[in-house]
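Read the numbers this way: they start at 1 and go in the same order the structure lists the ligands and their atoms.
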Amino acid sequence: MNFHILTLFPEMVMDGLSTSIIGRAMSKELLTIEAVNIRDFAENKHNRVDDYTYGGGAGMLMQAGPVYGAYQSVLEKAKSKPRVIYLSPQGQTFSQTMAEEFAKEEELVFLCGHYEGIDERVLEEIVTDYVSIGDYVLTGGELPAMVMIDAISRLIPGVLHNDVSAEFESFQDNLLEYPQYTRPEEWHGKKVPEILMSGHHANIEKWRREQSIIRTAERRPDLLEKAELTQKEKELAKKHLSI
Ligand code: 4F9
């Protein structure tokens with residue numbers, strides 16, 4: 001996977017993504033991340049890329065020309081015509097299902113806006129997907145792009161150490177993860193649940209499934225609609241709903 005990020009803050013995204021698991025995946029050449037500085041495509045000698053809005057109103061807008069120049073520079077290197085994701089509160093809300101879809105692509109472009117946004121005309125020409133990470137306003141699209149790149153990268157084969165762990169975590173089956181414990185066996189007077197010390201794998205799996213269902217009912221009852229539960233499991237969930 002080749003990620004291209006069109007931004008006015010290239011060091012912010014590169015610094016944020018170069019550590020930890022994503023950094024290691026880059027070293028292993030499982031993915032590339034390239035930040036393109038939109039300012040490099042400014043069309044005036046002062047390197048300005050923003051201007052006042054027609055019709056008046058507060059704030060500045062990013063101009064179409066520099067954004068389009070940055071996009072064209074990516075097209076010159078990309079192996080195939082990439083999807084272009086614009087990070088915006090006006091987009092569809094990002095989800096694990098969307099991450100799985102985007103993980104199938106060879107190239108992805110993230111367009112990060114700043115100031116009050118970007119001239120509509122260049123968005124019309126280049127953006128294929130409008131994506132939000134939630135209903136709040138940020139200072140720019142960089143953090144949402146980093147969130148999406150993290151979620152997508154961990155689905156790429158080889159990025160996680162344990163290649164089954166991506167599948168078995170939260171949102172598999174639309175259920176939350178069961179509680180987990182490590183040493184010591186007793187901490188602050190709290191013992192690890194007896195069943196986990198039994199070595200009886202079938203019973204442990206049964207207990208974990210029940211815990212996932214109880215936890216989902218208590219904390220994220222909205223997820224239960226999409227979960228596939230047996231009649232018995234539905235009754236267990238119902239017992240733990242707070243409303
Ligand atoms: C983008 C907020 C995606 C949430 C971009 C200001 C944004 C955002 N999800 N806020 N610029």
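When atom types are taken as modelled, the side chain of R24 and the backbone of V159 share a donor-acceptor pair closer than 3.5 angstrom. Judged purely by atom type and a 3.5 angstrom limit, S132 has no side-chain atom pairing as donor or acceptor with the backbone of T93. Checked by atom type and distance alone, the side chain of S212 pairs as donor or acceptor with a backbone atom of L176 at under 3.5 Å. A donor-acceptor pair under 3.5 Å is absent between the side-chain atoms of S18 and the main chain of D15, judged by distance alone. The closest donor-acceptor contact from the side chain of E107 to the backbone of K79 lies under 3.5 Å.
Classification of the Y86-Y130 ring pair by plane angle, with boundaries at 30° and 60°, yields perpendicular.
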Can you pull every nitrogen or oxygen pair between ligand 1 and the protein closer than 3.5 angstrom?
from, atom 1, to, atom 2, distance (Å)
ligand 1, 9 (N), I133, N, 3.0
ligand 1, 10 (N), L138, N, 3.0

